[in-house]
Structure formats: structure tokens, C-alpha cells
Chemist: 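Have a look at this one before I ask anything.
This structure is a prediction, so every number in the text was calculated from the model and none was measured. Lettering of chains follows the sequences in order, A, B, ..., and the numbering in each one begins at 1. Computed from heavy atoms alone, side chains included, the values below leave out hydrogens, waters and symmetry copies.
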Number of protein chains: 2
Amino acid sequence: MPKISDSTIRRLSMYYRSLSEFETKGYKTISSEHLAKTEKLTPAQVRKDLSFFGSFGTRGLGYKTRELKERIGKILGLDHIWNVALIGLGNVGSALVSYKEFQKQGFLIKLLFDNDQRKINKKHKGILVSDVKDLVEKLKNNKIEIVIIAVPTQAAQEVADLVVSAGVKTILNFAPTRIKVPQDVVVRFVNMAMELEHLSFCLSNQDFSVAT
Amino acid sequence: MPKISDSTIRRLSMYYRSLSEFETKGYKTISSEHLAKTEKLTPAQVRKDLSFFGSFGTRGLGYKTRELKERIGKILGLDHIWNVALIGLGNVGSALVSYKEFQKQGFLIKLLFDNDQRKINKKHKGILVSDVKDLVEKLKNNKIEIVIIAVPTQAAQEVADLVVSAGVKTILNFAPTRIKVPQDVVVRFVNMAMELEHLSFCLSNQDFSVAT
DNA sequence: GTTTATTTGTGAATAATTTCACAATCAATC
DNA sequence: GATTGATTGTGAAATTATTCACAAATAAAC
């Protein structure tokens with residue numbers, strides 16, 4: 001059981017996306033070189049990433065597009081539906097509810113939570129909004145596996161504690177602050193300002209050659 | 001002129017955020033150890049990251065919170081206003097317009113573009129929406145330095161080409177596809193589905209010990 | 001002002017990741 | 001069915017990133 005790095009997982013997602021494209025374009029097979037080129041990687045990188053999980057290719061031929069896509073899909077857990085809850089219906093939260101890519105990949109937003117009485121008990125894009133007071137109970141009852149936190153900074157830790165106490169093991173955090181969770185809970189942190197800061201760094205430091 | 005890695009730039013953003021918090025909490029000075037702990041890093045990592053840009057600390061004491069924050073702010077280019085344009089007023093685009101963190105860090109969204117006649121020439125959160133037909137001209141006239149692309153997949157490359165032709169060197173891409181740009185243009189790619197895929201990978205592969 | 005406590009800054013050591021290079025294997029051709 | 005050409009899978013090598021460890025420097029205590 002080797003350690004799989006974040007970078008490898010990220011690249012698997014990219015391969016999955018590329019393979020979907022190649023599939024719709026009608027490519028029956030694909031080589032590591034071709035796959036690498038579309039993602040600006042080396043063929044060796046592609047093969048090494050895949051090698052952690054098995055050997056899926058045919059020497060002399062490459063990979064069967066459809067098969068590899070499905071294998072990677074399975075590795076990423078995209079072969080079934082995940083029950084997702086979203087907390088916080090501000091700008092970001094609202095956008096995420098209708099984010100097409102989520103549904104497409106099997107992430108089903110089943111529950112919405114907010115603490116604003118004007119939003120509670122009304123439907124938002126077809127989903128009833130619950131009071132964050134009932135969070136723990138409803139997360140448990142609905143067998144929620146992934147929670148998206150999109151609340152303001154000050155509320156983030158409090159909400160995270162509740163989510164953890166409901167037994168949820170994976171959190172996607174959009175609040176611009178680091179949340180503390182037990183060892184066995186995985187948190188992914190998305191901060192869009194950070195991405196802009198990266199760009200402004202590049203604009204401000206063109207004397208440094210930024211590694212890409 | 002060393003190469004600064006993506007990870008280092010990302011961590012600088014995190015330090016900046018932590019330092020802002022420490023400043024409001026009234027901490028006058030801060031040690032690399034303290035800073036490291038809040039970000040789950042090692043003190044050596046913090047010091048090494050900073051060392052690429054100079055030596056900002058005082059031995060025996062640590063760093064002056066306010067000063068270090070400002071130094072990192074300067075490194076990240078947060079010491080002045082950046083002119084930003086946003087293309088695509090769908091779910092994601094709309095959310096980004098009102099994303100508080102952007103304004104806070106000095107990213108000023110000056111122009112909005114869409115190709116939907118119902119949105120064009122109307123105001124959206126106080127900003128007039130322009131036709132994407134006038135993109136190149138307006139990007140140039142308004143000295144736009146950073147462009148956020150939040151259009152559907154199919155339109156992304158076309159829009160990116162226009163942005164590049166207007167001389168813009170940095171792009172934040174929310175379209176779930178890789179866009180091709182010349183060597184001297186920096187693109188950051190944000191894909192929220194990818195983050196969920198990371199989580200579903202973790203849920204599906206608990207036998208692999210995922211590196212964190 | 002001397003001593004003691006800390007904490008930085010950094011070269012060296014270690015660990016992790018990526019790339020290389022090539023034997024092994026298979027498809028396609030003749 | 002042998003030969004050729006292509007491409008995988010993978011140890012070894014190279015590169016990159018992180019951590020260690022300690023001298024140098026400073027603040028604080030006495």
C-alpha cells in the first residue's frame with residue numbers, strides 16, 4: 001500500500017477528463033505520449049501514475065480509451081453516487097448548487113443548510129433548505145458522505161465541528177480559513193483569492209522564473 | 001534568481017492570511033514555529049520559504065507581525081490594485097463578482113462580459129455588462145491585467161485566444177478544460193469537481209495511506 | 001555589561017517526485 | 001509464423017522539495 005501523492009490524484013482527475021474527451025472524439029486507443037501531451041506532462045509521468053494502481057495498457061498499442069477511463073473512474077470513486085450536503089447559501093454556495101460538473105461526476109447534493117430564516121424551509125433550485133440547527137441529525141439520517149462548507153469565515157470552525165460530530169469524514173472547505181479536524185477527516189481547501197494571488201505574484205516577480 | 005515553486009507561492013498566501021489574523025488578534029511578533037503550527041507546516045519550511053526573498057526576522061525574537069505581513073503582501077503583489085475583467089456571468093461568474101475576498105486583496109473587477117443579449121448593457125452588482133464582441137478593445141482600453149474566464153467549456157479556448165490577443169498575461173480559468181496559451185501567459189486552473197474527486201478518492205481508497 | 005534564552009537563516013542531509021532508459025510485450029505486416 | 005515497429009511497465013538516476021541541525025544573532029534577565 002504505497003502513499004499516493006496529492007499530485008498523482010490531481011493528475012488522475014485530469015486524465016479522466018482528457019479520456020472523456022478522447023472518447024467522445026472517437027479515439028478507441030490512446031498512448032501515454034498522447035495523453036501526456038494534452039496535459040503538458042511527460043509520458044513517463046502518466047505511466048508511473050497509473051502503475052501505482054495496476055497495469056492497464058497493452059504494449060505496442062497503448063490504452064483502450066474507454067476502459068482506461070472507467071478504470072480511473074473507479075479509482076477516483078466516480079463509479080457510484082456520493083451523497084453530498086452543502087452548508088451556506090451565499091454567493092459561492094448558491095453557485096455550487098447549480099454547478100453542472102458535480103452532478104455529472106456523481107456528486108448528488110441532497111441537503112442544503114443555512115441559518116437565515118428567510119431561506120429556511122424554502123426551495124432552492126428544487127432542494128429544500130434546512131436550518132443549520134438540524135445539521136447533525138439530518139447528515140446522519142441521510143447518510144451524507146461529503147460536506148461542502150461555504151459559510152463565512154467566523155462560522156466555519158463551528159460548522160466543521162458539527163459536521164465532524166455527525167461522522168462525516170470528508171469536507172470541501174470554501175471558507176477562507178483553515179479548519180481544524182481530527183486526523184481521520186480529510187479536508188480540501190479551495191480559496192479563489194489564493195489563485196489570483198498566484199497570478200499577481202507572477203505579474204510582480206517576472207524576474208523570478210516561476211516553476212510551472 | 002531562483003525558481004519559486006508553486007507550493008512556496010501557495011504557502012506565502014497562507015502566511016499572509018495567518019499574519020492578518022495574528023495582527024487583528026494583537027500579536028506584535030510571531031515566530032516561525034507559531035506560524036508553522038497554524039498552517040500544519042514545519043518551522044524550517046516557513047523560514048526556507050521566506051529566505052528566497054530576503055531575511056525579514058530578528059533572531060531570538062521572530063518576525064514583526066505587521067512588517068512580515070506587509071513584506072509578503074508586497075511579494076504577492078497585494079500592495080496595489082489590479083485591474084480584473086470577468087468573462088461569463090453564469091453561476092460561477094456571478095458568484096465571483098460578489099466574492100468579498102477579491103476586493104479585500106485589491107483585485108478590482110472593472111469589466112464584465114457575456115454573450116447573452118439579455119444581460120448585455122445591463123448592470124450586474126453595479127457593473128455594466130459588455131458584449132463579448134468588444135472584449136479585445138475594452139481589455140486594452142481599460143488596462144486589464146488579469147482575466148477570469150468563467151464561460152462554458154466549448155467557448156473557453158476561443159475566449160482565451162481573444163484575451164491573449166489583447167495582451168493579457170495572466171488568466172484564472174474556471175472552465176473545466178485546459179486552455180492553450182503562449183509560453184509567456186500564466187494560467188491558473190480551478191476545477192471544483194476535481195476537489196470533490198480528491199475527496200471521493202480518499203473515501204474509496206482508505207487502504208492507500210494518502211499523503212497529506 | 002555579562003549571561004542565558006530564543007529564534008533566525010542556511011548549508012547539508014534526507015525524502016519525495018519526476019524523468020530516464022530499456023527490457024518485455026504485443027499488434028501489424030509480410 | 002517470423003520480423004518489424006510501437007508502446008508499456010518499471011528499476012535506476014536525476015531532480016526537486018522538505019527537514020535537520022547548528023552557528024550567528026538578538027532580546028531579556030540579572
Chemist: May I ask you to say what A/S32 touches in the nucleic acid, namely base, sugar-phosphate or nothing, with a heavy-atom cut-off under 4.0 Å?
Modeler: sugar-phosphate

Chemist: When you check the phosphate oxygens OP1 and OP2 of C/dG9, does a side-chain N or O of B/S51 lie under 4.0 Å from one of them?
Modeler: no

Chemist: Atom CD of B/Q45 to atom C1' of C/dG9: distance rounded to whole Å?
Modeler: 14 Å

Chemist: Let me have a per-nucleotide readout for nucleotides 23-30 of chain D, 5' to 3', with B, S or -, counting only protein heavy atoms under 4.0 Å.
Modeler: BBBB----

Chemist: Between C/dT8 atom P and B/L68 atom CG, what is the distance in whole Å?
Modeler: 10 Å

Chemist: Has the side chain of B/T65 got a donor or acceptor atom that lies under 3.5 Å from a matching backbone atom of B/L19?
Modeler: no

Chemist: Please tell me if B/S31 has a side-chain N or O lying less than 4.0 Å from either OP1 or OP2 of C/dT7.
Modeler: no

Chemist: Under 6.0 Å from the NZ atom of B/K64, do we count more than 12 heavy atoms belonging to anything else shown?
Modeler: no

Chemist: Whole angstrom is fine here: how far is it from NZ in B/K37 over to P in C/dT7?
Modeler: 11 Å

Chemist: Report the residue (B/I30 or B/K48) whose heavy-atom-nearest nucleotide on DNA chain C is the more 5′ of the two.
Modeler: B/I30

Chemist: Mind telling me whether A/H80 and A/W82 have parallel, tilted or perpendicular rings, with 30° and 60° as the class edges?
Modeler: tilted

Chemist: Considering just the side-chain nitrogens and oxygens of A/R11, establish if one lies under 4.0 Å of OP1 or OP2 belonging to C/dT18.
Modeler: yes

Chemist: Check the angle between the aromatic planes of B/F102 and B/Y99 and answer parallel, tilted or perpendicular using the 30° and 60° thresholds.
Modeler: perpendicular

Chemist: Report the distance from atom CG of A/D6 to atom C1' of D/dT18, rounded to the nearest whole Å.
Modeler: 15 Å

Chemist: Just the rounded figure in Å: distance from C1' of C/dT18 to CG of A/L41.
Modeler: 11 Å

Chemist: Between A/K3 (NZ) and C/dT17 (P), how many Å, whole number?
Modeler: 9 Å

Chemist: Look at the side chain of A/S200 and the backbone N and O of B/L76, then say whether any donor-acceptor pair between them is shorter than 3.5 Å.
Modeler: yes

Chemist: Whether A/R47 contacts D/dT8 is assessed here as follows: a side-chain N or O lying under 4.0 Å from the phosphate OP1 or OP2. Is that the case?
Modeler: yes

Chemist: Once you apply the 3.5 Å cut-off to both distances, tell me the Watson-Crick or G-U wobble partner of C/dA5, or none.
Modeler: none

Chemist: Rounding to an integer number of Å, can you tell me how far A/Y63 OH sits from C/dA27 C1'?
Modeler: 16 Å

Chemist: Are the side chain of A/S51 and the backbone N or O of A/K48 linked by a donor-acceptor pair below 3.5 Å?
Modeler: yes

Chemist: Could you walk me through whether B/V186 and A/L203 pass the side chain to side chain contact (heavy atoms under 4.5 Å, CB included) test, one step at a time?
Modeler: CA-CA 9 Å; B/V186 185; A/L203 286 169; over 6 Å; no

Chemist: How close or far is atom C1' of D/dT7 from atom CZ of A/F56, stated in whole angstroms?
Modeler: 17 Å

Chemist: For C/dA5, does the O4'-C1'-N9-C4 (purine) or O4'-C1'-N1-C2 (pyrimidine) torsion place it in syn, i.e. within 90° of 0, or in anti?
Modeler: syn

